[in-house]
Amino acid sequence: MRIVLVGPPGAGKGTQAAFLAKNLSIPHISTGDLFRANISRQTELGKLAKSYMDAGNLVPDEVTIGMAKDRMEQPDAENGFLLDGFPRNVSQAEALDEMLKSEGMKLDAVLDLEVPEDEVVKRIAGRRICRKDSSHVFHVTYSPPKADGVCDACGGELYQREDDSEDTVRKRLEVYHTQTEPIIDYYKAQGLVVTISALGKVDEVTKRAMSALSGEDA
Ligand SMILES: [Zn+2]
């Protein structure tokens, strides 16, 4: 199966992608991992991407597309893949279609994780991280620490990352709406979109996604 996963920040996309890829025995290809791998291996595309990032600029679509193409041509992606973070705009989606077409392939589904905007803000803006160990993560509503502002694991001070502030989350959602969401209509025109609710426990969402992808009612 060749699948594209889309959804706003805070939908739990990375977590779902990992579980779904495992269940479907296909590689999980995330743009974040692609960038890290290409930069650490110092590929031509990696060096190019780094030069843009170092200058504080966005990496051009052609570079991202090139990395994705290389990855999709690896032997483990022969029977399919799950793309996470790519395509993130309509021109990348068009380029992906071209690329697949030239290899005689096509996408099987676009899984759209839906979560209400206020829920996204609540999920992200409620996160609190431990200053001593950033793997100690709490949530003011969903997994509150025993004492306000204090890490249960090590007693460290809990804080909210700048990236998680409500203002930043709203800005990221705005970028998602204007740049990424249009790809859902683009793929709807091809009859590929499967929409599921991303609310609930992680394993419930995975189950919902698996049955939606297999064509059953979620
Ligand atoms: Zn801690």
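These numbers come from a predicted model, not from an experiment. As the structure lists them, so they are numbered: ligands from 1, and atoms in each ligand from 1.
- To the nearest 0.5 Å, atoms NE2 (H136) and CG (D133) are separated by 4.0 Å.
- Closest non-hydrogen pair, L45 versus V63, comes out as O-CG1, 3.7 Å.
- For the residue pair Q16/H28, the side-chain donor-acceptor check at 3.5 Å is not satisfied.
- Only protein N, O or S atoms were scored, and 4 of them lie under 2.8 Å from the Zn ion (ligand 1).
- Taking 4.0 Å as the cut-off between side-chain N and carboxylate O, R71 and D76 count as a salt-bridged pair.
- Among all heavy-atom pairs drawn from L48 and Y52, the shortest one is O-CD1, 3.1 Å.
- Nearest heavy-atom pair, A49 versus V59, reported as atom, atom and distance to 0.1 Å: O-CG2, 3.8 Å.
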